2 protein chains.
Amino acid sequence: MKHNVEELLSTHGVKPTPQRMVIAEYLLGTHSHPTADEVFQAVKTKLPVSLSRATVYNTLNALVAAGVVQEVTTEAGRVRYDANMSDHHHFVDIETGDVIDIPAETLNQIKLELGDKYKVRSFHVTIFGEVVGGKAGNTGE
Amino acid sequence: MKHNVEELLSTHGVKPTPQRMVIAEYLLGTHSHPTADEVFQAVKTKLPVSLSRATVYNTLNALVAAGVVQEVTTEAGRVRYDANMSDHHHFVDIETGDVIDIPAETLNQIKLELGDKYKVRSFHVTIFGEVVGGKAGNTGE
DNA sequence: GTCCACGTTTAGACTTATTCTAAATACAGA
DNA sequence: TCTGTATTTAGAATAAGTCTAAACGTGGAC
Ligand SMILES: [Mn+2]
Ligand SMILES: [Mn+2]
Ligand SMILES: [Zn+2]
Ligand SMILES: [Zn+2]
């Protein structure tokens, strides 16, 4: 499992250092859309050396720039990170705060509905609601 | 014009002080989706007394709580304020950074497309693109 | 194998947006 | 007029994120 993370970073032009590997590994293994601080807390014990917040931010920015993960914003002012790079939107459970992936195909009509006045380059839908019947499978993997 | 702002605040349970009036007046008169600091800069000269940033933030939060304006987030970490309380989404011009209102009817299919797995309470679409043929009228008023 | 240049990491300082605090003001009603 | 309460103010505090300068680690040149 560590091996394909190493390869993933390499093929994206990010040198796979221990700090970067453990951060990428964590992001690849969760669907929770963690904040930078949540990444820091989750990962700092997994290294023999002390981990700097600057390294976490540097790594997250490097992974975003390399296209390995993406930033997601739901509430104002909180950046979250997401290793799901498929084309998808987000559903925020207003009871739990959970952020759930919604595949883009599910919302395909949006571009068509906008008509010809606007040339859509990209868009993102954030939906707030409740999951019918408890925890939803995290689609859009 | 000052009179209906006063009334608007009163009917929403916000006591119309000079500071609050001038802030609300500014928000009602623009389509630019300003940040808190842009509000502060625009408004500070319009009062005989010095204006505190705390008052701007207090007022903006009070106006949001009272339902007079809403918060809008486009880029991560920047909260913008919008006196357009009609049901609408936002189009971000990726050339100019302008934030343009899109009426909700234009994107009506979204709820239907989501199916029965998710109960949608609200959603917001942020679209990045280019306006075809220069400046678009600010719809959704 | 040694050395070095360069990329990476670290601790902590810094910046910026926002909230908090405590004191000063304003003012509606008794 | 008096007084309690709401509001405003300046500045301190907080929190997310960036920057800095020093220390570290390592892959090649030799
Ligand atoms: Mn970023
Ligand atoms: Mn707020
Ligand atoms: Zn996602
Ligand atoms: Zn708007």
Side-chain angles (χ1 to χ4, degrees), chain A residues 5-6 9-10 12-27 33-66 68-82 97, chain B residues 5-6 9-10 12-27 33-66 68-82 97:
Chain A
V5 174
E6 185 168 348
L9 296 190
S10 293
H12 283 79
V14 179
K15 185 190 278 193
T17 68
Q19 288 85 349
R20 287 167 177 176
M21 302 240 307
V22 84
I23 289 171
E25 222 169 314
Y26 174 69
L27 289 174
H33 302 81
T35 63
D37 195 63
E38 285 165 357
V39 172
F40 174 71
Q41 299 300 337
V43 144
K44 64 180 178 187
T45 60
K46 305 211 169 133
L47 285 165
V49 297
S50 70
L51 175 65
S52 168
R53 277 168 203 280
T55 297
V56 174
Y57 282 105
N58 287 343
T59 297
L60 291 172
N61 287 336
L63 293 177
V64 170
V68 177
V69 305
Q70 62 174 317
E71 297 185 343
V72 171
T73 306
T74 54
E75 325 107 79
R78 313 227 58 193
V79 179
R80 299 179 171 279
Y81 293 89
D82 189 353
Chain B
V5 173
E6 185 168 347
L9 296 190
S10 294
H12 282 80
V14 178
K15 186 190 278 194
T17 68
Q19 289 85 348
R20 288 167 178 176
M21 301 239 307
V22 82
I23 288 170
E25 222 168 315
Y26 174 68
L27 289 174
H33 302 82
T35 63
D37 195 64
E38 285 165 357
V39 172
F40 174 71
Q41 298 300 338
V43 144
K44 64 180 179 188
T45 60
K46 304 211 171 135
L47 285 164
V49 298
S50 71
L51 175 65
S52 168
R53 277 167 204 280
T55 297
V56 174
Y57 281 104
N58 289 343
T59 297
L60 291 172
N61 288 336
L63 293 178
V64 170
V68 177
V69 305
Q70 62 174 316
E71 298 186 341
V72 171
T73 306
T74 54
E75 325 107 78
R78 312 228 59 194
V79 180
R80 297 178 173 280
Y81 293 89
D82 189 354

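Basis for what follows: all heavy atoms, side chains included, without hydrogens, waters or symmetry-related copies. Here the structure is a predicted model, which means the values were calculated and not measured. Below, chain A is the first sequence line, B the second, and so on; all start at residue 1.
Taking only side-chain atoms of B:Ala54, from C-beta outward, the nucleotide of D:dA10, D:dT8, C:dG12 with the closest atom is D:dA10. Candidate nucleotides D:dT9, C:dT9, C:dT18 were compared by shortest atom distance to the side chain of A:Gln19, and C:dT9 ranks first. With D:dT8, C:dT10, D:dG17 as the candidates, the nucleotide lying closest to the side chain of A:Ala36 is D:dG17. Which of D:dG17, C:dA17, D:dT18 sits closest to the side chain of B:Tyr57 comes down to C:dA17. Relative to the side chain of A:Ser52, the nucleotides D:dT7, C:dT8, C:dA11 differ in distance, and C:dA11 lies closest. Taking every side-chain heavy atom of A:Ser50 into account, C:dA11 is the closest of D:dA10, D:dT8, C:dA11.
Taking the nucleotide of DNA chain C with the nearest heavy atom to each of B:Thr35 and A:Val14, the more 5' of the two is matched to A:Val14.
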List, with names and distances, any nitrogen or oxygen atoms from the protein found under 3.5 Å away from nitrogen or oxygen atoms belonging to nucleotides 12-15 of chain D.
none

Nucleotide by nucleotide, nucleotides 22-30 of chain C touches protein heavy atoms under 4.0 Å in the pattern (B base, S sugar-phosphate only, - none) ---------
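With sequence neighbours excluded, no residue forms a side chain to side chain donor-acceptor pair (under 3.5 Å) with A:Lys15.
OP1 or OP2 of C:dT8 has not a single side-chain nitrogen or oxygen of A:Thr55 nearer than 4.0 Å.
Within 4.0 Å (heavy atoms only), B:Arg53 reaches no atom of the nucleic acid at all.
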